[in-house]
Participant: 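The structure that follows is given in the form of structure tokens.
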2 protein chains.
Amino acid sequence: MRLSTKGQYAVRAMLVLAMREAEAPIALRQISELEDISAQYLEQIFVDLRKAKLVEGVRGASGGYRLARPAEQITAGDILRAVEGPIAPVECVLHGDEEACGRAHICITRELWKRLRDSMSAVLDTTTLADMAAGRLFTGETREV
Amino acid sequence: MRLSTKGQYAVRAMLVLAMREAEAPIALRQISELEDISAQYLEQIFVDLRKAKLVEGVRGASGGYRLARPAEQITAGDILRAVEGPIAPVECVLHGDEEACGRAHICITRELWKRLRDSMSAVLDTTTLADMAAGRLFTGETREV
DNA sequence: CATAATCCTGAGTGATTTGCTCAGAATAAA
DNA sequence: TTTATTCTGAGCAAATCACTCAGGATTATG
Ligand code: FES
Ligand code: FES
């Protein structure tokens with residue numbers, strides 16, 4: 001029941017961008033040094049983030065990455081889904097393709113997994129980069145949904 | 001962010017025991033057939049469940065396993081912790097050894113992972129085998145803590 | 001008592017995932 | 001034109017997963 005390092009790194013990298021929002025793009029190399037994450041591994045992560053339209057890459061010298069939208073509009077859930085796939089404790093309860101599992105009608109544990117999934121999503125989808133950057137998590141004032 | 005099959009199997013196996021509580025012990029072979037799970041894999045799982053004192057094994061012919069305490073007193077969290085280790089999205093926020101991570105004092109994401117961990121625990125620790133066996137999850141009446 | 005049914009123990013194993021590295025092309029500022 | 005960067009795709013060692021295999025220990029039952 002652990003997140004991969006990829007997911008953790010992605011959130012940390014996005015926070016670096018969030019804290020310097022609206023300035024010039026930030027080179028991946030800088031993020032790598034600031035957060036002490038392998039630059040080449042970060043590159044892979046940014047492939048996913050870019051595909052999910054969470055960041056924009058600016059090529060060429062003095063290029064880098066910037067958030068594709070304001071930090072208030074990017075949640076931890078967005079980031080984790082981009083790099084780790086759907087948030088669900090078991091495959092049976094992937095959101096979207098409801099009833100993916102053949103045993104669904106007889107499965108007595110299904111409701112538990114749904115609850116677990118929803119409680120995880122509830123946290124991740126209501127916590128934005130802006131919330132974290134502002135340290136707002138400590139006082140309980142996360143974004144309302 | 002997926003549970004292993006081991007965790008899922010463990011919950012299903014425990015539910016078989018819960019639904020026949022107070023009767024004679026149930027052989028692992030029966031559980032295997034009922035739930036369509038490899039008997040030899042189940043044996044491994046029951047090693048963990050027994051170590052965690054969630055089940056008792058009865059040896060010899062017509063032996064088997066039974067719950068070590070009433071189904072009302074065994075939660076999904078108990079079972080998952082027994083077979084999958086602590087419930088935590090990242091190692092940094094393992095309950096018990098608080099401050100396991102050196103970066104804890106500067107880590108801006110830590111609070112997020114704690115919240116995530118707590119919301120997962122909240123669901124898993126308030127859902128008992130009895131709740132699931134009774135289909136009580138569908139109406140929202142789980143055990144209070 | 002002998003036998004069969006069960007739990008119990010420990011090792012082994014192929015497939016998949018994780019957590020990276022390596023090499024180099026494409027693009028654009030300086 | 002040089003240099004700094006993103007972008008692309010492959011490769012790989014180590015760990016984890018989802019089991020299997022082999023056999024010993026224990027006890028009800030015939
Ligand atoms: S096994 Fe798929 S819904 Fe439970
Ligand atoms: S990196 Fe360990 S607490 Fe955040």
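Throughout, protein chains are lettered first and strands after them, A, B, ... in sequence-line order, and every chain is numbered starting at 1.
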Participant: Can you list, by residue number, the residues of residues 41-51 of chain B that have a non-hydrogen atom closer than 4.0 angstrom to DNA chain D?
Facilitator: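 Contacts with DNA chain D under 4.0 Å: B:Tyr41, B:Gln44.
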Participant: Below 4.5 Å, heavy atoms only, C-beta onward: do A:Leu124 and B:Leu112 meet side chain to side chain?
Facilitator: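 Yes. Closest side-chain heavy atoms under 4.5 Å.
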Participant: In terms of the nearest nucleotide of DNA chain D, which residue is placed more toward the 5' end: A:Ser62 or A:Glu56?
Facilitator: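 By nearest-heavy-atom nucleotide position, the 5'-most residue is A:Ser62.
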Participant: Starting from P on C:dT17, measure out to CE on A:Met1 and report it in whole angstrom.
Facilitator: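 Taking atom P of C:dT17 as the reference, CE of A:Met1 is at 17 Å.
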Participant: Rounded off to whole Å, could you give me the CD-to-P distance for the A:Gln8 and C:dC20 pair?
Facilitator: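 My rounded result for the distance is 11 Å.
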Participant: Starting from the 5' end of DNA chain D, give me the residue, B:Gly60 or B:Ser4, whose nearest nucleotide shows up first.
Facilitator: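 The 5'-side residue here is B:Ser4.
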Participant: Answer yes when A:Arg12 and A:Asp36 have at least one side-chain N-carboxylate O distance shorter than 4.0 Å, and no when they do not.
Facilitator: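 No salt bridge links A:Arg12 with A:Asp36.
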Participant: Once you round it to whole Å, what is the distance between P of D:dT16 and CD of B:Glu91?
Facilitator: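 Value for this atom pair: 9 Å.
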Participant: Expressed in angstrom and rounded to an integer, what is the separation of A:Ile26 atom CD1 from D:dT6 atom C1'?
Facilitator: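 Computing the A:Ile26:CD1 to D:dT6:C1' distance gives 15 Å.
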Participant: Can you see if the side chain of B:Tyr9 gets near the phosphate of D:dA18 - specifically, an N or O under 4.0 Å from OP1 or OP2?
Facilitator: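 No, outside the criterion.
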Participant: Could you check whether any side-chain heavy atom of A:Ile37 comes within less than 4.5 Å of a side-chain heavy atom of A:Thr5, counting everything from C-beta outward?
Facilitator: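 When only atoms from C-beta onward are counted, A:Thr5 and A:Ile37 do not touch, as no gap falls below 4.5 Å.
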Participant: Quickly work out the A:Leu28 CG to D:dA4 C1' distance and round it to whole Å.
Facilitator: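 Going from A:Leu28 (CG) to D:dA4 (C1'), I get 13 Å.
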Participant: May I ask you to evaluate whether B:Thr5 reaches the phosphate of D:dA18, defined as a side-chain N or O under 4.0 Å from OP1 or OP2?
Facilitator: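 Looking at the OP1 and OP2 atoms of D:dA18, one of them is under 4.0 Å from a side-chain N or O of B:Thr5.
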Participant: Sort out for me which residue in B:Leu54, B:Val55, B:Leu49 forms a side-chain contact (heavy atoms from CB on, under 4.5 Å) with B:Tyr65.
Facilitator: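 Per the side-chain contact (heavy atoms from CB on, under 4.5 Å) rule, the option paired with B:Tyr65 is B:Val55, out of B:Leu54, B:Val55, B:Leu49.
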Participant: Scan side-chain atoms only and decide if A:Thr75 and A:Asp78 contain a donor-acceptor pair under the 3.5 Å cut-off.
Facilitator: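 Present: a donor and an acceptor within the cut-off.
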Participant: To the nearest angstrom, how far is B:Ile31 atom CD1 from C:dA5 atom P?
Facilitator: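 Interatomic distance, CD1 of B:Ile31 to P of C:dA5: 18 Å.
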Participant: Side-chain N or O of B:Ser38 less than 4.0 angstrom from OP1 or OP2 on D:dA18?
Facilitator: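 No, B:Ser38 has no side-chain N/O under 4.0 Å of OP1/OP2 on D:dA18.
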Participant: I need the OH-P distance between B:Tyr65 and D:dT27, as an integer number of Å.
Facilitator: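 Going from B:Tyr65 (OH) to D:dT27 (P), I get 14 Å.
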Participant: Using a 4.5 Å cut-off on heavy atoms from C-beta on, say whether the side chain of A:Pro86 contacts that of B:Arg2.
Facilitator: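 Yes, side chains in contact.
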Participant: So if you build clusters from Ile, Leu, Val, Met, Phe, Trp, Tyr with side-chain heavy-atom gaps below 4.5 Å, do A:Ile45 and A:Val47 land together?
Facilitator: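 Result: no, two separate clusters.
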Participant: Judged by each residue's nearest nucleotide on DNA chain C, which is more toward the 5′ side, B:Gln30 or A:Ala39?
Facilitator: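 Closest to the 5' end, via its nearest nucleotide, is B:Gln30.
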Participant: What's the CZ-C1' distance between A:Arg59 and C:dA26, to the nearest Å?
Facilitator: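 It works out to 5 Å between those atoms.
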